[in-house]
Amino acid sequence: MEKRNVYLDYSATTPLKDEVLEAMMPYLKEKYGNPSSIYSKGIENKEAIKTSRLQISKLINSEKDEIYFTGSGSESDNWAIFGTASSLRCKHIITSNIEHHAVLNSLEHLESQGYEVTYLKVNEQGLINPDDLEKAIKDDTILVTIMMANNEIGTIQPIKKLARIAHDKGVLFHCDAVQALGNIPIDVNKLGVDMMSFSAHKLYGPKGIGALFIKDGVEIDNLIYGGAQENGKRAGTENVPSIVGFGKASALALSGLTEHIAHCLELRNYFADRLFEDVFDTHVNGTMLDRLPGNLNISFDFIEGEAILMMLDYMGISVSTGSACSSSSGSPSHVLSAIGVPESRTYGTIRFSIGDFTTKEDIDYVIDAIKDITKKLKELSPFK
Amino acid sequence: MEKRNVYLDYSATTPLKDEVLEAMMPYLKEKYGNPSSIYSKGIENKEAIKTSRLQISKLINSEKDEIYFTGSGSESDNWAIFGTASSLRCKHIITSNIEHHAVLNSLEHLESQGYEVTYLKVNEQGLINPDDLEKAIKDDTILVTIMMANNEIGTIQPIKKLARIAHDKGVLFHCDAVQALGNIPIDVNKLGVDMMSFSAHKLYGPKGIGALFIKDGVEIDNLIYGGAQENGKRAGTENVPSIVGFGKASALALSGLTEHIAHCLELRNYFADRLFEDVFDTHVNGTMLDRLPGNLNISFDFIEGEAILMMLDYMGISVSTGSACSSSSGSPSHVLSAIGVPESRTYGTIRFSIGDFTTKEDIDYVIDAIKDITKKLKELSPFK
Amino acid sequence: MNMYNDTVMDHFMNPRNVGEMEDPDGIGIYGSPTCGDLMQIHLKIEDEVITDAKFKAYGCGSAIASSSMATTIIIGLSVEDALKLTNGEIVDKLEGLPEAKIHCSVLADMAIKKAIFDYAETNNKHYKALEGFDPYEMVQEEHVCICGKDEEK
Amino acid sequence: MNMYNDTVMDHFMNPRNVGEMEDPDGIGIYGSPTCGDLMQIHLKIEDEVITDAKFKAYGCGSAIASSSMATTIIIGLSVEDALKLTNGEIVDKLEGLPEAKIHCSVLADMAIKKAIFDYAETNNKHYKALEGFDPYEMVQEEHVCICGKDEEK
Ligand SMILES: Cc1ncc(COP(=O)(O)O)c(C=O)c1O
Ligand SMILES: Cc1ncc(COP(=O)(O)O)c(C=O)c1O
């Protein structure tokens with residue numbers, strides 16, 4: 001078996017598409033003007049930003065001027081939360097127990113400041129029950145923040161229903177759609193969300209550029225104060241090349257969405273079928289129905305995740321351990337715990353995420369590798 | 001006279017140096033891994049970030065681990081201010097009246113939350129009197145934030161003295177060195193600052209990447225919570241290509257600093273000499289002594305700045321109007337007001353900023369253009 | 001790419017009717033240097049028709065261009081028709097101005113009204129369009145001072 | 001580039017002395033599946049010398065590599081000398097581990113001590129180095145559970 005480089009960690013980050021880099025290049029070279037400058041070199045860059053805003057807005061069906069660029073998906077999440085919270089001291093916020101840490105740790109900080117936070121539970125499939133949200137809303141609830149697609153298990157929440165429940169009680173609704181953008185259709189109008197977070201590097205765009213959709217009329221405080229960039233709502237000289245790249249990536253995502261979904265679904269399902277046929281003692285985490293097309297989250301019994309990951313890496317294959325354990329906390333994945341995966345099993349969990357450059361040959365190679373590796377690690381394992 | 005493209009707005013932003021872009025390219029192409037990933041593709045990017053941190057730390061003589069990457073100079077400023085303020089409610093902060101809006105508007109927000117802010121005045125030369133700081137410090141002062149070099153008039157403050165005064169009274173000292181980095185020597189140890197803000201695009205590095213130096217032992221709250229990046233202090237998938245570019249730009253700045261300063265000083269002084277000889281009714285704003293080597297801020301009597309700027313632009317020349325008037329406020333430059341420039345004159349102010357790619361021929365071309373333009377605009381002017 | 005379109009740039013770089021007159025029939029000055037722009041207009045009026053107009057302007061590109069354009073529009077118009085000139089019309093003739101610059105065209109419009117007012121006063125004429133027009137009451141503050149300032153960098 | 005150096009990778013990919021014994025003289029098990037790692041060691045001891053060692057491990061790369069390395073070190077050592085083995089020594093022999101992984105080498109060290117303790121108990125031996133050693137008292141929690149988890153993305 002010849003060694004192959006197979007990247008199956010598209011949920012962690014994606015390579016830049018050639019067309020995206022191409023679109024960025026002039027802005028990394030001769031078009032270096034500051035977009036706030038009023039001479040030609042500035043104006044042409046201001047126009048480039050406008051174009052990007054338009055491209056992104058088309059992908060989510062918003063108005064162009066409802067898109068605000070940030071430095072990351074995390075910044076977008078923090079902004080939405082702190083920007084809503086800071087104008088109204090010590091109120092109540094609702095979220096889920098499977099959010100990304102950009103949401104959870106922001107809320108934890110607010111709790112330390114006196115805010116109250118309710119964490120909605122998900123079921124074993126990884127889904128929120130809208131009734132739970134209904135019940136959790138109180139008179140002083142100011143924000144509901146629920147992610148669209150989970151980064152570990154890929155499960156997709158019923159955002160439209162949840163947003164409607166929040167709105168019926170006059171509560172703002174924010175949605176972390178960092179994993180969703182470019183992977184499933186998003187229509188902010190139909191969904192009825194007030195704010196939505198995005199990050200370019202999850203859809204074949206550059207790292208270090210994110211966006212927050214803020215519905216026209218929704219007023220939140222700044223996270224970053226200063227110059228008049230982003231309509232005075234987010235200061236800092238604009239990252240023009242990356243903004244242009246984000247726009248191009250969004251345009252490509254929009255025109256290729258059906259194909260992208262079909263491609264990922266086909267390979268993901270092929271992967272799952274072969275895995276369950278050829279490898280024993282595996283379990284899928286999260287529903288297979290409402291799920292990102294490219295995501296597969298698998299627990300292996302009796303063997304440990306990092307060992308699998310490192311052996312796969314040795315064979316040229318890049319995947320994530322499913323357990324998202326930040327070195328500071330030292331605890332196993334809060335997402336896997338939330339859906340009831342036994343702690344011992346969480347350590348044997350791998351997230352495979354498939355993307356546009358994945359091929360059937362890649363999958364075959366990976367399955368063969370997994371067969372070898374699990375055999376080897378089981379021989380090593382003290383469990384019987 | 002043949003048309004030439006002359007960029008004299010290096011203080012607004014700089015072009016990427018070829019070597020910087022070259023260093024970034026692999027990270028825009030094949031090296032796209034997420035640095036938080038523990039497989040090879042991730043580890044090599046984590047290493048690249050380490051290298052960059054080291055390169056920057058050498059330029060400012062800090063420890064490598066005292067450098068935290070951010071998304072911009074503005075974010076660094078906001079972080080230093082809000083990160084210090086949030087742990088200690090409604091105290092007193094001292095700054096100057098010529099700071100960048102990233103500082104001023106952050107403080108304005110804190111004022112709206114109940115903080116008290118003292119704005120130290122500068123003299124007509126644009127310099128702070130350290131005695132004024134001494135007098136301003138109160139029992140509940142928690143932070144002094146003073147910029148190193150001003151973005152409009154380029155004047156350089158006596159940071160070492162100011163920091164010592166703050167420390168003698170046990171107050172933290174933050175310094176916005178966005179305009180200074182790469183233009184004058186910086187040694188955070190000798191200066192004795194606790195925090196310092198930087199932005200790569202001011203020293204031939206990429207846009208959308210900044211850094212905050214936080215002295216070991218100084219504890220401030222996060223501005224952006226989430227993943228464990230930047231030692232848990234600034235969440236968000238790292239912008240690897242830009243971080244690498246920032247590092248490379250810092251290495252180049254360090255090795256070329258003496259040359260850079262000599263080059264800018266020579267051309268700046270040549271520019272000033274020719275201007276004062278050939279063009280009447282001009283005034284320099286700010287001291288010519290403690291000043292960024294490439295900065296020249298000139299007020300023209302009887303003619304308006306944007307008209308000068310647009311005519312220069314027409315001739316291929318990029319400069320800024322000196323009056324930094326954000327469209328929201330509508331007021332003339334707070335910096336020029338602070339040094340006592342009469343309001344009517346602030347409107348005729350242009351900032352010329354010289355950099356590594358500026359040549360003597362460029363300056364000659366610009367001087368000739370200014371002669372033509374001022375003549376033309378004076379003919380148009382209703383003032384006698 | 002430029003902030004201004006070609007027509008604006010043409011009137012800015014090659015302004016028409018620049019200058020002053022020896023014996024103008026009406027003089028209008030509008031704006032203030034502390035606000036960053038000032039516009040002066042001289043009119044020659046014969047038989048209720050504007051036969052000549054000259055301007056001088058201190059201000060941004062769009063202030064200069066709209067003054068230039070305004071003079072070309074009103075030369076040949078009757079005084080009554082000239083009074084009907086709006087800044088919207090000036091902007092249209094210039095084929096548009098950046099949104100933040102629209103108000104700069106008010107300058108030209110106002111200076112012309114003031115010049116006709118001056119003419120009317122000295123010659124004891126009455127124009128319907130000038131009824132209630134008080135040049136000394138015109139609040140400068142409503143003309144926001146953001147002409148031609150770019151942002152902090 | 002790899003998180004582990006070549007020596008670690010070699011012991012991880014090609015672990016030495018994997019397995020179990022029919023009749024071990026001492027058995028040591030350390031770790032817990034709910035903590036993400038578990039190490040089992042079997043020892044053959046003749047005339048106070050460790051003549052063979054076999055291990056099985058559930059855990060991250062560095063846990064496996066340090067177990068493998070530890071067995072190669074102790075085979076041939078006297079029991080007294082084997083008891084002197086520290087995890088620092090294992091790490092040194094592996095030519096270093098990433099800082100966050102250092103604690104994973106404790107696993108091997110501890111499992112060996114437990115195996116010798118087991119041998120000592122069944123054979124009524126006493127070793128100075130085992131005085132005060134209580135395998136049931138060893139708090140699992142101090143062995144922080146971060147072996148081999150990468151960060152959230
Ligand atoms: C003195 C000063 N501080 C802060 C900033 C903000 O930097 P950035 O635009 O990278 O956010 C700038 C430049 O715009 C500056 O000149
Ligand atoms: C669901 C989710 N939210 C937020 C983020 C944060 O995005 P970024 O790393 O761009 O800050 C990520 C990815 O890391 C994510 O998967």
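As the structure is a computational prediction, the values presented were derived from the model and not from experiment.
- Evaluation of the salt bridge (charged side-chain N to carboxylate O under 4.0 Å, His left out) rule for B/Glu379 yields B/Lys375 as partners, not counting sequence neighbours.
- Looking at B/Phe383 and C/Lys56, their side chains never come closer than 4.5 Å, going by heavy atoms from C-beta outward.
- With contacts defined as side-chain heavy-atom distances shorter than 4.5 Å, the pair B/Met310/C/Asn2 qualifies.
- Remark: C/Asn123 CG is packed, more than 12 non-hydrogen atoms of other residues, nucleotides or ligands lying under 6.0 Å away.
- Screening residues 291-316 of chain B for ring pair (Phe, Tyr, Trp, His ring centres under 6.0 Å), with sequence neighbours left out, gives no hits.
- Using a 4.5 Å cut-off between heavy atoms, B/Leu380 touches chain C through backbone and side chain atoms alike.
- More than 12 heavy atoms of other residues, nucleotides or ligands lie within 6.0 Å of CG in C/Asn14, so this atom counts as buried by the packing criterion.
- Looking at C/Leu38, the atoms closer than 4.5 Å to chain B (heavy atoms on both sides) sit in the backbone and in the side chain alike.
- Nearest heavy-atom pair across B/Pro382 and C/Tyr58 is CD-N, 3.4 Å.
- Within 6.0 Å of NZ in C/Lys93 there are 12 or fewer heavy atoms belonging to other residues, nucleotides or ligands.
- Side-chain atoms of B/Glu306 come within 3.5 Å of backbone atoms of C/Gly61 as a donor-acceptor pair (strictly under, hydrogens ignored).
- Residues B/Ala307 and C/Gly59 come closest through the heavy atom pair CB-O, 3.4 Å.
- For the pair B/Lys376 (side chain) and C/Met13 (backbone), a donor-acceptor distance under 3.5 Å is present.
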